[in-house]
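Input: a single structure, listed below in structure tokens.
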Amino acid sequence: ISPSGECPGYPFTAHDSCVTGRIAARELAKLDMDSFAFASETPHPSWAEKRLATFRDAIREYGRDVNIFPGGNLKAWLRTLPKRCGIFAANDRMAEKIVATAKSIGIAIPDDMTVLGCDDDTRICEHAEISISSIRPDYVQCAMLAANMLSSVMEGKKTETCRMFGDV
């Protein structure tokens, strides 16, 4: 498996991270936040880079810029963000870290900072110190695409090597 999670030479389905970035921007912009930020583990995996790129582009359409977590000290970075900041975390694990860290330094969630994760991992989102809102990829669509691809392979038909799913 490659660093991006893809299996070269084998058909696979993948969540369209570009769609996720646009959805995150739309949802956080609806909340009329004063500023926006993006956080991911560093270095950013390729899927996180795609989420960041489309999130940043969409936020710029709202006339704003995005503060990007550079890695390192999460507490120090969170302290630099203005209040009423909407943070898009590349995944729910990162969202959980942000929420726990913010709470430990007295940043009020959701009053001072709103955090939006991705993947809708209920083990994380529902059991975090403060429940986490998360973008849920359409895993049913993913399963349907994968089943269709498998059926084609089993019938000896050619199939795409990758099918993206993204309608969330």
Side-chain angles (χ1 to χ4, degrees), residues 1-74 77-78 80-81 85-102 110 113-125 128 132-150 159-168:
I1 296 180
S2 72
S4 66
E6 299 169 1
C7 302
Y10 297 96
F12 67 97
T13 59
H15 178 235
D16 189 338
S17 291
C18 295
V19 170
T20 302
R22 287 189 294 275
I23 291 169
R26 181 190 69 213
E27 295 304 312
L28 288 172
K30 281 182 188 177
L31 300 175
D32 198 31
M33 305 307 303
D34 295 333
S35 64
F36 299 91
F38 175 85
S40 175
E41 299 292 337
T42 54
H44 300 175
S46 63
W47 54 265
E49 285 292 338
K50 290 175 186 172
R51 289 177 185 182
L52 167 59
T54 54
F55 177 69
R56 183 176 29 206
D57 290 348
I59 290 297
R60 285 180 177 157
E61 290 176 14
Y62 293 107
R64 304 288 179 85
D65 205 2
V66 175
N67 187 318
I68 301 166
F69 176 55
N73 189 329
L74 184 58
W77 180 69
L78 290 174
T80 69
L81 299 175
C85 182
I87 300 179
F88 174 37
N91 60 25
D92 293 333
R93 286 186 310 276
M94 191 67 196
E96 180 182 40
K97 288 179 187 177
I98 293 166
V99 167
T101 303
M113 184 176 290
T114 299
V115 181
L116 178 62
C118 184
D119 299 329
D120 199 32
D121 185 332
T122 56
R123 294 170 300 174
I124 295 171
C125 296
I132 297 168
S133 295
S134 184
I135 298 169
R136 177 184 296 168
D138 188 346
Y139 294 121
V140 172
Q141 183 185 17
C142 174
M144 296 291 286
L145 290 171
N148 288 337
M149 290 174 81
L150 178 60
T159 185
E160 300 111 317
T161 56
C162 174
R163 286 195 185 163
M164 303 296 282
F165 67 98
D167 294 337
V168 182

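Computed from a predicted structure; not experimentally measured.
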Hey, does Ser40 have a side-chain heavy atom less than 4.5 Å from the side chain of Pro45?
-> yes
Assess whether side-chain contact (heavy atoms from CB on, under 4.5 Å) is satisfied between Val115 and Phe88, documenting all intermediate values.
-> CA-CA 6 Å; Val115 181; Phe88 174 37; over 6 Å; no
When rounded to the nearest 0.5 angstrom, what is the spacing between CD1 in Ile59 and CG in Leu52?
-> 11.0 Å
What is the distance from atom SG of Cys85 to atom CG of Leu78, rounded to the nearest 0.5 Å?
-> 8.5 Å
Atom CG of Asp119 and atom CD1 of Ile124: how far apart are they, to the nearest 0.5 Å?
-> 8.0 Å
Can you list the residues that meet the side chain to side chain contact (heavy atoms under 4.5 Å, CB included) rule with Glu61, with sequence neighbours excluded?
-> none
Is any NZ, NE, NH1 or NH2 atom of the basic residue among Arg93 and Glu41 found under 4.0 Å from an Asp or Glu carboxylate oxygen of the other?
-> no
Any idea which heavy atoms bring Leu116 and Ala24 closest together, and the distance?
-> CD2-CA, 3.7 Å
Could you tell me which non-hydrogen atom of Cys118 sits nearest to which non-hydrogen atom of Thr20, and how far apart they are?
-> SG-CG2, 3.3 Å
Set of residues satisfying salt bridge (Lys or Arg N to Asp or Glu O under 4.0 Å) with respect to Glu49, sequence neighbours excluded = none
Residues that Asn91 engages under side-chain hydrogen bond (donor to acceptor under 3.5 Å, both in side chains), provided they are two or more places apart = none
Residues at least two apart in sequence or cross-chain that pass side-chain hydrogen bond (donor to acceptor under 3.5 Å, both in side chains) with Ser134, listed by chain then number, are Asp92
When rounded to the nearest 0.5 angstrom, what is the spacing between CG in Leu28 and CZ in Phe55?
-> 5.0 Å
Check residues 32-39 and write down every donor-acceptor pair under 3.5 Å in which the side-chain atom is one partner and the other belongs to a residue at least two apart or another chain.
none

Worked verdict on Ile87 versus Thr114 for side-chain contact (heavy atoms from CB on, under 4.5 Å) | CA-CA 6 Å; Ile87 300 179; Thr114 299; over 6 Å; no
Under the 3.5 angstrom rule, does the side chain of Thr101 hit a backbone N or O of Ile98 as a donor-acceptor pair?
-> no
Contacts of type side chain to side chain contact (heavy atoms under 4.5 Å, CB included), residue Asp65, not counting sequence neighbours = Arg56, Arg60
Would Asn67 and Leu81 count as a side-chain contact (heavy atoms from CB on, under 4.5 Å) if you check the C-alpha gap in whole Å, the side-chain angles of each, and the deciding distance to 0.1 Å?
-> CA-CA 8 Å; Asn67 187 318; Leu81 299 175; 3.4 Å; yes
Minimum side-chain heavy-atom gap Asp120-Ile135 below 4.5 Å = no
side-chain contact (heavy atoms from CB on, under 4.5 Å) evaluation trace for Leu74 with Met94 = CA-CA 10 Å; Leu74 184 58; Met94 191 67 196; 4.2 Å; yes
